[in-house]
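The structure under discussion appears below in the form of structure tokens.
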Amino acid sequence: MSILINKDTKLIVQGITGRDGAFHTSKMKDYGTNVVGGISPGKGGIEVEGVPVFNTVDEAVKATGANASVIFVPAPFAGDAILEASYAGVDLVICITEGVPVKDMIRVTPVLKQNGTKMIGANCPGLMTVDECLIGILPGNIFKKGNVGLISRSGTLTYEVVDMLTSSGLGQTTCVGIGGDSVSGLYFKDLLEMYENDPETEAVVLIGEIGGDAEEQAAQFIKDNMTKPVVAFIAGQSAPPGKRMGHAGAIISSGAGTAEEKIKAFAAAGVPVAKEPSEIPRLVKEKLGL
Amino acid sequence: MKIHEYQARDLFRKYGIPVPDGDVCHSVDEVKKKVTDDDKLRVVKAQVHVGGRGKAGGVKLARSKAEVIEHAEQILGMDIKGLTVEKVLIADAVDIEKEYYVGLINDRNTKSVTLMASAEGGVEIEEVAKVSPEKIIKMAIDPTMGLMDWQARKVALQLFTDPKQVRQTAAILVKLYELYVDTDSSLAEINPLVLTPDKKVLAIDGKMNFDDNALFRQKEILAMREVTEDEQKEIEATAKGLSYIKLDGNIGCMVNGAGLAMATMDMIKLYGGDPANFLDIGGSSNPEKVIEAMNILLSDKNVSAVMINIFGGITRCDDVARGLVDALEVIKTEIPIVIRLSGTNSKEGLEIIKSQGLPTVSTMSEAAKKAIELSKK
């Protein structure tokens with residue numbers, strides 16, 4: 001078991017003919033992901049990395065039975081790409097693209113709800129179920145099969161933590177990068193619920209950052225609903241207020257969204273918060289009695 | 001991106017939101033030319049991108065042209081929270097019967113634009129939110145429908161009872177929403193929205209911020225941008241696909257990924273150092289980008305050591321390594337550099353670095369400790 005994706009996931013790549021789209025299609029295929037098609041309007045009929053290219057998502061879904069789509073198209077067109085995937089009936093959309101306008105994300109939200117589409121991102125590294133399916137830009141070689149779930153608002157910081165978990169003998173079930181934008185798809189809370197219901201996951205690592213109150217909401221959810229242990233880390237404890245720290249969502253304004261408040265919320269929910277990423281494996285082991 | 005009050009007023013006027021007459025002036029001479037010689041009550045307001053202007057003495061009432069000039073002389077060139085006042089807004093003062101607050105924001109939780117209103121206007125809305133959150137009315141807006149008339153009316157009815165004022169206010173709310181959506185705004189506030197003794201509803205002060213991600217399609221808004229020197233560096237970095245924020249410390253950081261960059265700063269602090277900047281070189285990093293990043297980093301004279309922390313996902317470590325080698329050949333700095341590479345193509349990357357005789361370390365904590373140690377030499 002796992003959450004969201006597994007070996008039966010059939011993936012299409014929107015923006016497969018771009019530099020990043022093509023590069024990561026090959027990496028995903030190397031990992032064993034079942035990439036069944038790609039989309040590049042006007043380039044239908046060709047092949048990229050041995051994958052057939054279609055003009056529209058609809059065509060690709062009809063021809064391949066794809067149930068997940070990963071988006072690499074440039075930011076001005078990403079919102080439209082998400083809508084196209086949702087209307088084509090894809091169950092899960094993962095938007096890797098960085099810099100998507102907030103208005104575009106707000107506009108897609110009711111459509112996703114209406115069509116029953118789940119979304120990860122935008123501005124995220126993707127997700128993976130270890131040894132089964134990798135979607136996005138995560139470096140597959142650092143992961144190891146095991147029983148820890150991981151959710152993160154960051155990209156590279158996630159890899160850093162995964163690397164530490166793996167090297168201390170803690171393998172993973174599914175790891176999800178939810179992205180750093182202020183308005184995005186699935187949040188911590190949605191994913192914690194999935195992990196709680198996944199028999200294979202025994203503990204969850206949550207990597208949050210400053211800005212917004214998704215971490216506070218996650219803490220409340222853990223307190224009310226989780227039986228499995230959660231360990232957290234918050235990035236941006238030294239960030240100055242009012243500045244956007246790279247991620248559009250990482251702005252502390254008017255005292256809200258600070259690291260202190262998030263750490264306090266986790267403490268109240270009995271969730272240990274690591275002072276630096278390298279503490280995470282030890283805290284997970286303590287919680288699991290290893 | 002932020003704009004000044006006078007620019008927000010111009011946008012309000014363009015969308016039919018009533019504001020008192022007024023004009024912006026850049027110099028005392030301009031004030032002398034533009035202000036008519038009468039005893040109209042006017043307000044002279046500093047135009048700076050910071051709150052608390054009133055408390056700092058940047059907002060003054062004037063009863064004559066002479067007083068307007070006197071205040072403008074005082075306010076122009078004044079320092080408010082580290083920013084120099086280069087413009088004043090001179091607007092007709094209005095008699096106020098009551099003050100209100102209305103605003104629009106992008107709400108992460110409802111994933112929609114949310115309308116906020118309060119009968120407690122004229123004060124900082126964050127304060128109201130903290131002390132008495134029940135006094136703030138909130139209404140989530142369906143992006144497919146926009147702000148519907150009944151919604152605007154429902155909110156207006158909680159501020160006013162007189163049907164005429166309700167109508168005026170509802171119309172203002174609908175127009176403000178149109179403006180917000182058209183301009184890819186991330187915050188639009190009218191504070192205060194006022195009721196005058198002759199029962200008119202007017203926007204006295206306005207604040208608007210815009211989504212940086214959408215500026216590519218907002219040429220008119222982009223043209224209003226004004227930047228400080230530090231911001232200029234940040235904007236230049238953005239244009240090159242880098243995300244840079246200057247801080248006060250002495251350890252320069254170059255990291256790929258915002259989360260990792262924040263964690264790197266945190267770690268330098270944790271081990272007793274002080275980061276000089278936040279610098280995220282982003283995804284798809286190519287050698288040119290690394291050179292730009294090094295240039296920006298080293299242009300800060302406070303930097304006495306550099307910590308490079310790369311974990312390769314979409315950024316390939318060999319790209320970064322080649323960029324570093326090229327950059328160091330061009331820049332030839334004496335400042336010590338600690339390099340840590342891991343992830344996609346890290347083996348190739350580390351070989352390139354080592355072949356140039358540059359030092360490498362394997363973990364983030366080691367890199368932070370080493371950078372702090374080198375910064376003290």
(request) Could you walk me through whether S342(B) and D163(A) pass side-chain contact (heavy atoms from CB on, under 4.5 Å), step by step? (result) CA-CA 9 Å; S342(B) 186; D163(A) 199 36; 4.1 Å; yes

(request) Mind running side-chain contact (heavy atoms from CB on, under 4.5 Å) on R108(B) and Q217(A) for me, showing each step along the way? (result) CA-CA 12 Å; R108(B) 297 166 191 253; Q217(A) 288 187 26; over 6 Å; no

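Contact of F210(B) with chain A is not made at all, since no heavy-atom distance falls under 4.5 Å. Of the atoms belonging to S184(A), it is backbone heavy atoms, and not side-chain ones, that fall under 4.5 Å from chain B. Heavy atoms of I234(A) lying under 4.5 Å from chain B belong exclusively to its backbone. Proximity to chain B is absent for every atom of V161(A), based on heavy atoms less than 4.5 angstrom apart. Residue contact with chain A, scored on non-hydrogen atoms closer than 4.5 Å, involves the side chain of N345(B) exclusively. With a 4.5 angstrom heavy-atom cutoff, P125(A) does not touch chain B via any of its atoms.
Residues D211(B) and K103(A) form no side-chain contact, since every pair of their non-hydrogen atoms from C-beta on lies 4.5 Å or further apart. Between P101(A) and F216(B), some side-chain heavy-atom pair lies under the 4.5 Å cut-off.
Between the OG atom in S278(A) and the CD atom in E366(B) there is a gap of 11.0 Å [rounded to 0.5 Å]. In this structure, N213(B) CG and S182(A) OG are separated by 8.5 Å, a value rounded to the nearest 0.5 Å. How far CD of Q237(A) is from CE of M265(B): 10.5 Å, rounded to the nearest 0.5 Å. Atom-to-atom distance recorded for I207(A):CD1 and L260(B):CG is 10.5 Å, nearest 0.5 angstrom. One distance of note links CE of M164(A) with OG of S365(B); it measures 6.0 Å at 0.5 Å rounding. Here the straight-line distance linking atom OG of S346(B) with atom CG of N141(A) works out to 7.5 Å at 0.5 Å rounding.
Shown here is E220(B), whose CD atom has no more than 12 heavy atoms of other residues, nucleotides or ligands within 6.0 Å. Summarising the local packing, NZ of K55(B) is surrounded by 12 or fewer heavy atoms from other residues, nucleotides or ligands at distances under 6.0 Å. Taking a 6.0 Å sphere around CG of D224(A), one finds it holds more than 12 heavy atoms contributed by other residues, nucleotides or ligands. The environment of CZ in R107(A) is sparse: at most 12 heavy-atom neighbours from other residues, nucleotides or ligands sit within 6.0 Å.
In terms of heavy-atom proximity, A235(A) sits nearest to A263(B) at CB-N, 4.2 Å. Smallest separation of non-hydrogen atoms from S238(A) and K269(B): CB-CG, 3.8 Å. Between G259(B) and L157(A), the shortest heavy-atom contact is O-CD2, 3.7 Å. Heavy-atom minimum distance, L270(B) versus K275(A): CD2-O, 4.0 Å.
Side-chain N or O atoms of T156(A) include none that pairs as donor or acceptor with a backbone N or O of F311(B) at under 3.5 Å. Using modelled atom types, no side-chain atom of K111(B) and backbone atom of M105(A) make a donor-acceptor pair closer than 3.5 Å.
The side chain to side chain contact (heavy atoms under 4.5 Å, CB included) test with I106(A) is passed by exactly one of D107(B), V113(B), T110(B), V181(B): V113(B).
Chosen from I268(B), T363(B), T238(B), N109(B), the residue pairing most often with chain A at heavy-atom distances under 4.5 Å is N109(B).
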